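To keep things clear, I will list the structure first and then write my remarks on it.
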Amino acid sequence: MNRLADKTAVFIGGGSSVGSVALQAFLEEGANVILVDIDEKYFERTAELRSRYGTDRVRTCIGACTSQEDMDAAMRFAADTFGRIDILVNIAGFHGSGHVHNIEETQWNLALNVTCTGAYRAIRSAILYMKEQNGGHIVNFTSLGGRGNRGVAISYAASKAACIGLSKAFAMELAPYNIRVTSFAPGTLDTKQFTRIAEKGSVPFKLPPGGIPGMPGYSGPLLYNGQSVIKDRPVADLEEIAYALVYLSGDESDYLTADCVDMNGGILMQT
């Protein structure tokens, strides 16, 4: 407990299922938290938890990572509210829809704009404060979909892989300022406790000939089934994802930077 005592964390995409569960872990570990998301409805998931801890520990802020002005305002709000910014967790992402046969350019552009360029905008704003403090931790929430073939939307895979590369570049550039930058790539997550909120800007798409691996009606080779190799543990609990984020955000991981941390139950095994 109290591994993040007196630290201030900013969650971009803080109203997501991951952000909602991570909020409790960060508060339990002593952090103050600013939740940033595009609509008030996303914060309803954490209403009871925020009421319990009060506004002296957790606040919300409306803002989109697709806007540099919004990210600048969110970081200014965090610094004005809690005095500093120690941790930035970029959770916001956009799945989009479409595969190589039928991806729409708008979906491709939006996925890159949210998942990769959005993280860039948030980091660009946050490091102004972290540099003054001579330290900070930045964690970019990516995905196994950016690491290995999962049969996901091509826009999703490309944007997550781009964010991993962005993390490495920032880690090198910010190392002289004691700022660590990592990416975190989990596999399939158990989000059934949360009602899915439709992504803003996402559109339906038609399946390509033969279908898509892992989806009903697919007639080609099975490339990915979304199941871990751990017995009786096909997917990850959000609580264990949350505490991995706690580790990556705290002093215990001070020697870790530039790496992409995989947590996928052995779906992707590398040497």
Side-chain angles (χ1 to χ4, degrees), residues 1-16 18-38 40 42-43 46-65 67-92 118-141 167 170-171 173-182 184 242-257:
M1 300 290 285
N2 289 320
R3 288 186 288 171
L4 303 178
D6 301 320
K7 295 182 183 295
T8 297
V10 180
F11 292 179
I12 306 301
S16 63
V18 170
S20 299
V21 175
L23 173 62
Q24 179 162 347
F26 275 65
L27 290 172
E28 288 175 350
E29 293 293 341
N32 302 315
V33 183
I34 299 288
L35 301 176
V36 183
D37 222 309
I38 59 174
E40 197 70 38
Y42 288 95
F43 301 134
T46 57
E48 188 279 329
L49 182 62
R50 288 185 289 111
S51 176
R52 191 193 326 157
Y53 277 88
T55 55
D56 59 331
R57 293 290 308 283
V58 56
R59 300 284 295 275
T60 62
C61 177
I62 299 296
C65 64
S67 165
Q68 188 65 61
E69 287 185 357
D70 282 7
M71 292 297 94
D72 291 346
M75 300 308 161
R76 189 164 53 248
F77 175 70
D80 289 346
T81 301
F82 293 124
R84 55 189 296 117
I85 299 174
D86 303 283
I87 300 160
L88 171 65
V89 184
N90 284 307
I91 307 172
Y120 161 78
R121 293 187 188 98
I123 293 169
R124 179 180 171 183
S125 297
I127 59 176
L128 298 176
Y129 303 91
M130 292 182 174
K131 284 180 177 180
E132 287 186 0
Q133 299 160 190
N134 191 39
H137 285 80
I138 298 170
V139 184
N140 293 323
F141 197 91
S167 304
F170 263 120
E173 186 169 331
L174 298 176
Y177 303 97
N178 250 344
I179 301 172
R180 282 80 171 174
V181 186
T182 54
F184 177 59
Y243 277 97
L245 293 175
V246 167
Y247 166 73
L248 293 173
S249 300
D251 297 341
E252 295 167 313
S253 62
D254 271 355
Y255 197 61
L256 183 64
T257 196

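Sequential numbering from 1 along the given sequence is applied to the chain's residues. If you're wondering where the values come from, they're calculated on a predicted model, not measured in any experiment.
- Here the CE-CZ distance, from M75 to R124, works out to 12.5 Å after rounding to the nearest 0.5 Å.
- With rounding to the nearest 0.5 Å, the separation of CG in N32 from CZ in R84 is 10.5 Å.
- Within a 6.0 Å sphere centred on CG of D254, heavy atoms belonging to other residues, nucleotides or ligands number more than 12.
- Looking only at side-chain heavy atoms (C-beta outward), E28 and Y53 come within less than 4.5 Å of each other.
- Here CD1 of I138 is found 12.5 Å from CG of L248. Values are rounded to the nearest 0.5 Å.
- Here the shortest heavy-atom pairing between M130 and G136 reads SD-CA, 4.0 Å.
- In this structure, the side chains of F77 and I34 come closer than 4.5 Å at one or more pairs of heavy atoms.
- Considering all non-hydrogen atoms of both residues, R57 and G30 come closest at NH2-C, 3.4 Å.
- Between the E252 side chain and the Y247 main chain, no donor and acceptor come within less than 3.5 Å of each other.
- Put simply, the side chain of T46 never gets that close to the backbone of L49: no donor and acceptor are under 3.5 Å apart.
- Contact of the K7 side chain with the D251 side chain is registered, since non-hydrogen atoms from C-beta on lie closer than 4.5 Å.
- Counting all heavy atoms, side chain and backbone alike, I91 lies closest to F141 at CA-CB, 3.9 Å.
- Under the 3.5 Å distance criterion, the side-chain polar atoms of R3 are left unmatched by any main-chain donor or acceptor of E29.
- We find the CG-CG distance between L23 and L245 to be 12.0 Å, quoted to the nearest 0.5 Å.
- No donor-acceptor pair closer than 3.5 Å links the side chain of S253 to the backbone N or O of L256.
- From I62, atom CD1 reaches atom CG of D37 across 7.5 Å, with rounding to the nearest 0.5 Å.
- A 4.5 Å side-chain heavy-atom check between L174 and R180 finds every atom pair outside the cut-off.
- Counting only heavy atoms from C-beta outward, the side chains of F43 and L35 approach each other to under 4.5 Å.
- Annotation: side chain of K131 is in contact with side chain of I179 (closest heavy-atom distance under 4.5 Å).
- To the nearest 0.5 Å, atoms OG (S167) and CD1 (I123) are separated by 6.0 Å.
- Taking all atoms of both residues into account, the shortest heavy-atom contact from V89 to S249 is CG2-OG, 4.1 Å.
- Counted within 6.0 Å of OH on Y120, heavy atoms from surrounding residues, nucleotides or ligands total 12 or fewer; the atom is thus considered open.
- For the pair T55/T81, no side-chain contact is recorded, criterion being any heavy-atom separation below 4.5 Å from C-beta on.
- For the pair F26/V58, no side-chain contact is recorded, criterion being any heavy-atom separation below 4.5 Å from C-beta on.
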Q: Kindly indicate, with the supporting measurements, whether the criterion side-chain contact (heavy atoms from CB on, under 4.5 Å) is fulfilled by S67 and R121.
A: CA-CA 8 Å; S67 165; R121 293 187 188 98; 5.9 Å; no
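- For the residue pair Q133 and D86, the shortest heavy atom distance occurs at NE2-OD1, 3.8 Å.
- Heavy-atom minimum distance, L4 versus G250: CD2-CA, 3.7 Å.
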